[in-house]
Amino acid sequence: MIETDILIIGAGPTGLFAVFEAGLLKMKCHIIDALPQPGGQLAELYPKKPIFDIPGYPEVLAGDLVTNLMEQIKQFQPGFTLGETAKTIDKQEDGTFIVTTNKGTQHHAKAVAIAGGLGTFEPRKPQIPNIDVFEEKGVEYFVKDPEQFRHKDIVIAGGGDSALDWSIFLSDVAKSVTLVHRRNEFRGALDSVEKVRDLKAAGKINLVTPAEITEIHGDETVTAVTIEKEGEAFKLETDYFIPLFGLTPKLGPIANWGLEIEKNAIKVNNALDYQTNIDGIYAIGDVNTYPGKLKLILCGFHEATLMCQSVYNRINPGKRFVLKYTTVSGVDGFDGSRKEAEKAVVKAID
Ligand SMILES: Cc1cc2nc3c(=O)[nH]c(=O)nc-3n(C[C@H](O)[C@H](O)[C@H](O)COP(=O)(O)OP(=O)(O)OC[C@H]3O[C@@H](n4cnc5c(N)ncnc54)[C@H](O)[C@@H]3O)c2cc1C
């Protein structure tokens with residue numbers, strides 16, 4: 001059982017920043033995310049796009065914002081359960097919660113902050129009749145650990161950034177990489193398209209376009225796929241088939257937790273602390289709704305901050321809280337680090 005003060009569901013920007021604000025108040029956080037990496041939509045949907053409305057950053061790449069948030073919270077040593085979906089929640093008699101994932105990992109927390117964004121991302125699956133038989137037996141919708149593909153033959157399908165980026169990355173890891181796309185044109189970043197073209201010329205990526213995978217073959221695991229190109233079908237031996245056709249968000253298991261839901265989002269008390277209709281469960285960031293709600297990163301940061309103040313009062317009843325500026329108090333990490341502004345030296349003047 002993983003023990004923590006605040007269990008955060010969702011490692012998007014809102015959930016990550018909540019760790020920092022909780023840390024300032026000496027509360028420990030653990031984060032669960034269904035995706036294999038932190039960053040939420042920023043990491044999964046647009047890591048290379050610039051964001052222009054983060055205060056103090058005239059321009060920042062989404063991926064860099066995630067890297068910076070991870071750096072900022074490192075000192076508060078958050079725990080992570082990645083690649084697992086929070087499935088059930090059980091409120092205990094003492095007001096604490098046990099949250100269990102789809103893989104059975106249990107977390108015990110004094111408060112729960114749902115920062116689930118648009119929900120869990122479900123992969124868009126290609127229409128191949130027996131594809132579900134081979135899921136996790138050679139068919140992979142996410143690249144969780146690139147090492148899994150070392151010295152293996154792999155076939156990637158798709159025409160967006162994920163298909164291009166993973167083809168490039170895995171061309172250095174796998175024995176062979178075949179990229180199949182139903183059009184000749186790709187929808188990814190220009191530099192990625194050019195890189196794939198170069199790797200094709202160097203014989204490191206086998207590019208098959210316009211083409212589609214129409215059949216998967218194998219016994220226990222995938223052994224080959226059928227590729228149809230311009231009316232002709234051929235069989236290609238492979239260890240893995242990785243369809244990367246994008247992800248669709250779904251609120252998922254959280255929708256069954258007895259929370260008040262409106263238009264696929266969780267209703268919260270925005271006048272106070274972003275608590276839901278269940279005492280001790282908060283919802284922050286894109287996942288919540290209230291009059292005037294804006295689904296913006298900076299709004300998630302604000303909501304995370306107020307949520308932490310409320311949890312502090314909940315965990316420490318009767319203890320007076322005094323807001324301190326970090327420029328004045330400095331920041332004491334749980335790892336023993338200390339950051340502080342240089343103090344002015346007062347010297348006596350003779
Ligand atoms: C293309 C694009 C461009 C954008 N540009 C901007 C911009 O310029 N400025 C701006 O402010 N905003 C922008 N946004 C919106 C911004 O990305 C969101 O407001 C932000 O990501 C919300 O952060 P979040 O942490 O609340 O949720 P998310 O980033 O959605 O993260 C939620 C996380 O929760 C996880 N999760 C959900 N349910 C579960 C569960 N049951 N178990 C485990 N994990 C779960 C998901 O896997 C996900 O990783 C843009 C969005 C897109 C798609």
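Note that ligands are numbered from 1 as they come in the structure, with each ligand's atoms numbered from 1 the same way.
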Problem set entry | Ionic contact status for K204 with D172, cut-off 4.0 Å | yes
Exercise. Does T4 reach the main-chain N or O of K28 with its side chain, forming a donor-acceptor pair under 3.5 Å?
Worked result: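 Answer holds: yes.
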Problem set entry | N/O donor-acceptor pair under 3.5 Å between D161 side chain and Y46 backbone |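 Here the side-chain-to-backbone pair does not exist.
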Seminar exercise, completed: For S171 and L199, the nearest pair of non-hydrogen atoms, with its separation, is OG-CD1, 3.7 Å
Exercise. Can you name the nearest heavy-atom pair linking S167 to L179, along with the distance?
Worked result: OG-CD1, 3.6 Å
For this session: Could you name the protein residues that come within less than 4.0 Å of ligand 1, counting only heavy atoms, and order them by chain and residue number?
Result: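 The 4.0 Å shell around ligand 1 contains I9, G10, G12, P13, T14, I32, D33, A34, L35, G40, Q41, L42, L45, Y46, I51, D53, E84, T85, A86, A115, G116, G117, L118, G119, T120, F121, I254, G285, D286, K295, L296, I297.
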Exercise. Are F149 and Y240 near enough that their ring centres are under 6.0 Å apart?
Worked result: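 So the answer is yes for these two rings.
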